Novice: 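Just dropping this structure here.
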Amino acid sequence: MAEFENVVPVLGLALNKRGYRELTPVQEAVLAAPLVDSDLLVSAQTGSGKTVAFGLALAPTLLEGADRFARTAAPLALVVAPTRELALQVKRELEWLYAMTGAEVASCVGGMDMREERRVLQRGANIVVGTPGRLRDHIERGSFDTRGLKAVVLDEADEMLDLGFRDDLEFILGAAPSRRRTLMFSATVPSPIATLAKRYQRDAVRVSTTAERTQHNDIEYRALTIAPADRDNAIINVLRYFEAKNALVFCATRAAVNRMTSRFNNRGFAVVALSGELSQNERTHALQAMRDGRARVCIATDVAARGLDLPNLDLVIHADIPKTRETLLHRSGRTGRAGRKGVCALIVAHNERRRTERLLTGANVTAAWARPPSVEEIVRRDHERILEDPLLNAPPSADEQATADALLARYSANQVAAAFLRLHSAGRSAPEELLDTAPPERKTKRRDDFKGGVWFSLSVGHKQKAEARWILPMLCRVGQVDKHEVGAIKIQPNETHVELSPACVDRFLEAIGPNRTVEKTIAVKALDGVPHAPAVPKNKQAKSSETRTAVEPRREASPKQDVSGPMEGKSDKSKRKKPDAPRSGPKAGRKHRAKATKDRAAKKPGSGPVKRKKPSKKSD
């Protein structure tokens, strides 16, 4: 029986019964003797054993030297988690850890019957685990008495702030007694977490172990470079190569989740989706399908996967590159848990490489850069798996031996082996051929050194309102080329000539397909040599063809200037006469209206014409 230092004895028995032989670094750190009564701010990555860690840390405060809990009218401890799944998982962990203490652990989470939760709280619960919104509802309705709380734990505090639970957390912490222990566990400690800790904790001790400072030691990171249009095909090949028991694919939007789920289902993968549009019941069924093996791939958004726990998750794929290091670490932390090894694959389009490199550097993560698995690599891996299949090493039973003898009597060994291969491969998606995406070299030379380019003609010109500012991004997007691989763009009246680097020509032709069109209506034709612009009459030279390069911005023409007369080279604005103001009517000035009225009054029958004063000359 293992002995655990600074662990309450009755909880030590529970650890031994559970099969623990040693504690994880974060569990040892929070049990240090000087921290027994302290508030803690703990950096703990997902899967580091933090639930057991705060369960062990709370025991001295809650039991106060006893082996069992006495009956209490109000809860003694509260654990707040960001999602329903994580809250229920924490409840299960605390139930076996405190089983020998007679503790009553209750849950208060969204999607469950609130009346039943109220009855459990009224009967008396020692520890309550819940989500922020539901806990606030119980406190406001008076069904959760917070006056007896000795400790509050915020699990995944950074995720709760990301999900917008700041107001609920502040309400809950404000309703708890001021003389309490407050433990915050967070994968990262950004500024909002530090501010929350400073406001609601008393001289909190910062706990960060060596294991947590080195991000995800049990995760192998791979950055796989692809052409932008090859994202789905690359993910299919990654799934086929690893054949993980559980795989999690992260997308940026629910639309991408729905599209990818539909395609992968059609390809024969057992897939479930997690997005914000699912009801709680649909979400529960999807996760249960992953846990019992009916599904092997889960495609999810960041928000929908918060607090997700899949014990057999061996592979995480980032279909869309995360925007922050915190998101990267949260996503990746779903695998490589509790000593298990995991793989994290980032699908990186060649135009996203720089940003991905900065992201990995900021997260203190080292990734191996490579191409996605090829068809040949996947086939070779399939063969290795077949040869290593444990079914081939198990001795046949008596009934199996009789059937095997009958098979070999009727069929040759080669036929039986071929049938075994077909059965083994049945239902598996065929791997995909991927485009060649050797990273283009950055353009460091001047335009004059862009030699050996291959020219193409596009069936749009000035008359079709062609402009380099939209032709260049269209070529990059549809033709799978980088902007540094595009040379000159010469726009003619009815066509446009484009120069491409020889290294990208094959990739460009493969991307636009055999129809040789882009944007469905623009035809593409290869040219022999450098095209010559048509001769332009002198009186139409202003409308001659324009030439653009990918690196030279267009200069705007300066406004016309009047170069005649003594004011040569200067604007002629001063020579322009201002129109006379109307002498009557609604738009007349006050003086002109008054003068018009006076003239009408003076001009009576029999009177001569009104004499007007000549305006005095003013000097220029």
Side-chain angles (χ1 to χ4, degrees), residues 82-85 110-111 159 162-164 223-240 244 246-290 294-308 310 313 315-324 326-332 334 344-353 355-356 359 372 429 432 434-435 437 470 473-474 476-480 511 518-520:
T83 65
R84 176 178 183 267
E85 285 78 18
E159 291 198 19
D162 289 343
L163 292 173
L224 308 178
T225 55
I226 61 161
D230 250 355
R231 192 177 306 276
D232 289 3
N233 292 339
I235 295 172
I236 288 172
N237 283 10
V238 172
L239 292 172
R240 283 285 287 105
N246 280 162
L248 182 57
V249 181
F250 280 101
C251 298
T253 64
R254 67 178 64 177
V257 169
N258 294 336
R259 179 188 58 78
M260 197 172 292
T261 301
S262 177
R263 184 178 183 196
F264 285 12
N265 269 320
N266 292 335
R267 294 298 303 269
F269 290 96
V271 182
V272 295
L274 284 182
S275 65
E277 63 188 6
L278 296 183
S279 66
Q280 187 60 57
N281 190 42
E282 291 171 328
R283 179 183 174 91
T284 301
H285 284 303
L287 293 177
Q288 189 57 41
M290 291 290 290
R294 288 180 289 120
R296 299 180 63 180
V297 181
C298 178
I299 304 176
T301 58
D302 290 321
V303 173
R306 298 282 184 172
L308 185 63
L310 295 172
L313 186 63
L315 175 64
V316 169
I317 300 176
H318 302 266
D320 295 304
I321 302 301
K323 295 182 179 179
T324 64
E326 290 80 10
T327 304
L328 172 66
L329 297 179
H330 276 305
R331 286 180 174 186
S332 306
R334 303 303 165 195
C344 175
L346 294 91
I347 309 301
V348 185
H350 58 72
N351 55 354
E352 295 179 328
R353 176 154 184 162
R355 182 171 73 87
T356 306
L359 178 70
S429 176
E432 293 285 350
L434 302 178
L435 297 174
T437 55
W470 62 261
M474 177 192 68
C476 296
R477 183 181 70 256
V478 180
Q480 308 301 335
V518 294
E519 299 295 341
K520 296 183 180 180

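All values reported here derive from a predicted model rather than from experimental measurement.
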Novice: Sequence neighbours left out, what passes salt bridge (Lys or Arg N to Asp or Glu O under 4.0 Å) with R331? Give chain and number order.
Specialist: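 Listed in chain order: D302.
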Novice: Please list, chain by chain and in numerical order, all residues satisfying salt bridge (Lys or Arg N to Asp or Glu O under 4.0 Å) with D232, sequence neighbours excluded.
Specialist: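 Partners of D232 by the salt bridge (Lys or Arg N to Asp or Glu O under 4.0 Å) criterion, ordered by chain and then number, come out as R259, R263.
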Novice: How would you list, by chain and number, every residue that makes a side-chain hydrogen bond (donor to acceptor under 3.5 Å, both in side chains) with E352, sequence neighbours excluded?
Specialist: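 Counting only residues at least two positions away or on another chain, E352 forms no side-chain hydrogen bond (donor to acceptor under 3.5 Å, both in side chains).
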Novice: Of the non-hydrogen atoms in C344 and H318, which two are nearest, and what is the gap between them?
Specialist: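 Reported closest heavy-atom pair: SG-NE2, 3.0 Å.
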Novice: With side-chain contact (heavy atoms from CB on, under 4.5 Å) as the test, pick out the partner of L274 among L248, L287, T261, V257.
Specialist: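 Looking at L248, L287, T261, V257, the match for L274 under the side-chain contact (heavy atoms from CB on, under 4.5 Å) is L287.
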Novice: Take R283 and E85 through the test salt bridge (Lys or Arg N to Asp or Glu O under 4.0 Å) and record every step on the way to the result.
Specialist: CA-CA 10 Å; R283 179 183 174 91; E85 285 78 18; 2.7 Å; yes
Novice: Could you check if a side-chain atom of H350 sits within less than 4.5 angstrom of a side-chain atom of T225, using non-hydrogen atoms only?
Specialist: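 Not touching, per the 4.5 Å side-chain cut-off.
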Novice: Please give me the minimum heavy-atom distance between A345 and V238, naming the atom from each residue.
Specialist: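 Shortest heavy-atom contact: CB-CG1, 4.4 Å.
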Novice: Do the non-hydrogen side-chain atoms of D320 and T253 ever get within less than 4.5 Å of each other?
Specialist: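 Not in contact.
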Novice: Could I get the full list of salt bridge (Lys or Arg N to Asp or Glu O under 4.0 Å) partners for R84, not counting sequence neighbours?
Specialist: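 For R84 there are no salt bridge (Lys or Arg N to Asp or Glu O under 4.0 Å) partners, ignoring immediate neighbours.
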Novice: Taking all non-hydrogen atoms of both residues, which atom of M260 and which atom of V249 are closest, and how far apart?
Specialist: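 Here M260 and V249 meet closest at SD-CG1, 3.9 Å.
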Novice: Who passes side-chain contact (heavy atoms from CB on, under 4.5 Å) against N266, sequence neighbours left out?
Specialist: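 Here the qualifying residues are S262.
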Novice: My understanding is that only one of I321, L224, L359 makes a side-chain contact (heavy atoms from CB on, under 4.5 Å) with V348; could you say which?
Specialist: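 Checked I321, L224, L359 against V348; only one passes side-chain contact (heavy atoms from CB on, under 4.5 Å): I321.
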Novice: Quick one: which of R294, R296, M290 gives a side-chain contact (heavy atoms from CB on, under 4.5 Å) with V272?
Specialist: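 Of all the options given, the one that passes is M290.
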Novice: Over 60° means perpendicular and under 30° means parallel, so tell me whether F269 and F264 are parallel, tilted or perpendicular.
Specialist: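 The rings of F269 and F264 sit tilted, inter-plane angle from 30° to 60°.
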Novice: I need the single residue from N265, L315, N246, V271 that forms a side-chain contact (heavy atoms from CB on, under 4.5 Å) with V297. Which is it?
Specialist: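 For V297, the side-chain contact (heavy atoms from CB on, under 4.5 Å) test succeeds with only one of N265, L315, N246, V271, which is V271.
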Novice: Do the side chain of R240 and the main chain of S429 share a donor and acceptor less than 3.5 angstrom apart?
Specialist: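 A pair under 3.5 Å: yes.
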Novice: What's the separation between atom CG in L346 and atom OG1 in T356, rounded to the nearest 0.5 Å?
Specialist: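 Between L346 CG and T356 OG1, I get 6.5 Å after rounding to 0.5 Å.
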Novice: With a 4.5 Å cut-off on side-chain heavy atoms, are N233 and I226 touching?
Specialist: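 The answer is no; the side chains never approach within 4.5 Å.
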Novice: Could you grab the distance from atom CZ of F250 to atom CG of L328, nearest 0.5 Å is fine?
Specialist: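 The CG atom of L328 is 10.5 Å from CZ of F250, to the nearest 0.5 Å.
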Novice: Hey, is the main chain of L435 close enough, under 3.5 Å, to the side chain of D230 for a donor-acceptor pair?
Specialist: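 Confirmed, D230 side chain pairs with L435 backbone.
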Novice: Taking salt bridge (Lys or Arg N to Asp or Glu O under 4.0 Å) as the test, write out the residues that go with E519, two or more places apart.
Specialist: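 Checked E519 against salt bridge (Lys or Arg N to Asp or Glu O under 4.0 Å); matches are R477.
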Novice: Grab the two heavy atoms, one from C251 and one from A256, that are nearest each other, plus how far apart they are.
Specialist: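 Distance-wise, the nearest heavy atoms are CB-CB, 3.9 Å.
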